[in-house]
Amino acid sequence: TSLNNLAVLLKAEGQWSEAEELYRQALQGRRRLLGNLHPDTLTSINNLATLLSSTGRSKEAEGLYQEALEGCRKTLGEDDLDTLFSADN
C-alpha cells in the first residue's frame with residue numbers, strides 16, 4: 001500500500017511516469033502475493049488503468065479496466081460497490 005499511496009501522490013503532482021512505475025510495482029507485488037482476483041489487486045489494476053487513461057493511453061487502459069471489472073464480478077459479485085465503480089470506468 002505504501003507504493004500505491006506514493007503513486008497517488010505523484011500522480012496528483014503531475015509526475016506521471018514516476019507514478020506509473022510505482023503503480024506497476026504495486027500491481028506486480030499484489031499479483032504475486034495476493035493473486036489476480038484479490039480486491040487489493042483489482043484496485044491496483046484499476047489505479048494503473050486510470051493513470052494510463054489520464055495520459056492518453058486509452059487502449060492499454062481499456063484492457064486493464066476490463067480485467068478489473070471481470071475480476072470484481074467474479075470475486076465480489078454484480079451488486080458490490082467496487083464492481084459498480086469498475087463498471088462505471
Side-chain angles (χ1 to χ4, degrees):
T1 57
S2 295
L3 282 173
N4 189 71
N5 292 343
L6 182 55
V8 169
L9 177 67
L10 292 172
K11 180 183 171 198
E13 293 178 347
Q15 297 180 44
W16 305 104
S17 61
E18 294 87 350
E20 180 181 346
E21 178 61 30
L22 293 180
Y23 277 136
R24 289 187 184 278
Q25 287 179 26
L27 175 56
Q28 181 182 30
R30 285 179 171 176
R31 284 189 195 274
R32 188 179 69 251
L33 296 172
L34 303 173
N36 290 329
L37 295 177
H38 190 280
D40 289 345
T41 304
L42 299 172
T43 296
S44 287
I45 293 168
N46 197 65
N47 288 346
L48 178 57
T50 299
L51 175 90
L52 294 172
S53 180
S54 296
T55 58
R57 294 156 65 189
S58 57
K59 285 292 184 192
E60 191 176 354
E62 182 180 354
L64 291 170
Y65 279 137
Q66 190 64 34
E67 181 182 357
L69 176 59
E70 290 172 10
C72 284
R73 284 180 172 156
K74 287 179 185 175
T75 304
L76 306 171
E78 292 287 334
D79 297 325
D80 183 82
L81 192 56
D82 285 334
T83 301
L84 297 174
F85 282 139
S86 290
D88 188 45
N89 288 325

Practice item. Check whether any side-chain heavy atom of V8 lies under 4.5 Å from a side-chain heavy atom of K11, and answer yes or no. Key: no
Practice item. Verify, without hydrogens or angle tests, whether T55 (side chain) and L52 (backbone) share a donor-acceptor contact under 3.5 angstrom. Key: yes
Review point. Between R57 and E20, does at least one N-O distance fall below 4.0 Å, as a salt bridge requires?
Key: yes
Practice item. Give the C-alpha distance, both sets of side-chain angles, the deciding distance and a yes or no for salt bridge (charged side-chain N to carboxylate O under 4.0 Å, His left out) between E60 and R24. Key: CA-CA 13 Å; E60 191 176 354; R24 289 187 184 278; 2.6 Å; yes
Review point. Hey, what do you get for CD (E21) to CG (L48), rounding to the nearest 0.5 Å?
Key: 10.5 Å
Check your understanding: Of R31, R30, K74, which meets side chain to side chain donor-acceptor pair (under 3.5 Å) against N36?
Key -> R31
Practice item. Let me see the working for Q66 and E62 under side-chain hydrogen bond (donor to acceptor under 3.5 Å, both in side chains), right down to the final yes or no. Key: CA-CA 6 Å; Q66 190 64 34; E62 182 180 354; over 6 Å; no
Review point. Side chains of T50 and Y23: donor-acceptor distance under 3.5 Å anywhere?
Key: no
**Study point:** Under 3.5 Å: donor-acceptor pair, side chain of S53, backbone of A49
**Key:** no
**Study point:** Pairwise distance CG(L51) to CG(N46) - rounded to 0.5 angstrom
**Key:** 11.5 Å
Point to revise | Side-chain (T41) to main-chain (L37) donor-acceptor, under 3.5 angstrom | key: no
Check your understanding: What distance separates L22 CG from S44 OG, expressed to the nearest 0.5 Å?
Key -> 11.5 Å
Study note, to complete from the structure: d(L69 CG, I45 CD1) to nearest 0.5 Å is 11.0 Å
Point to revise | Spacing of CG belonging to L42 relative to CZ belonging to R73, to within rounding of 0.5 Å | key: 12.5 Å
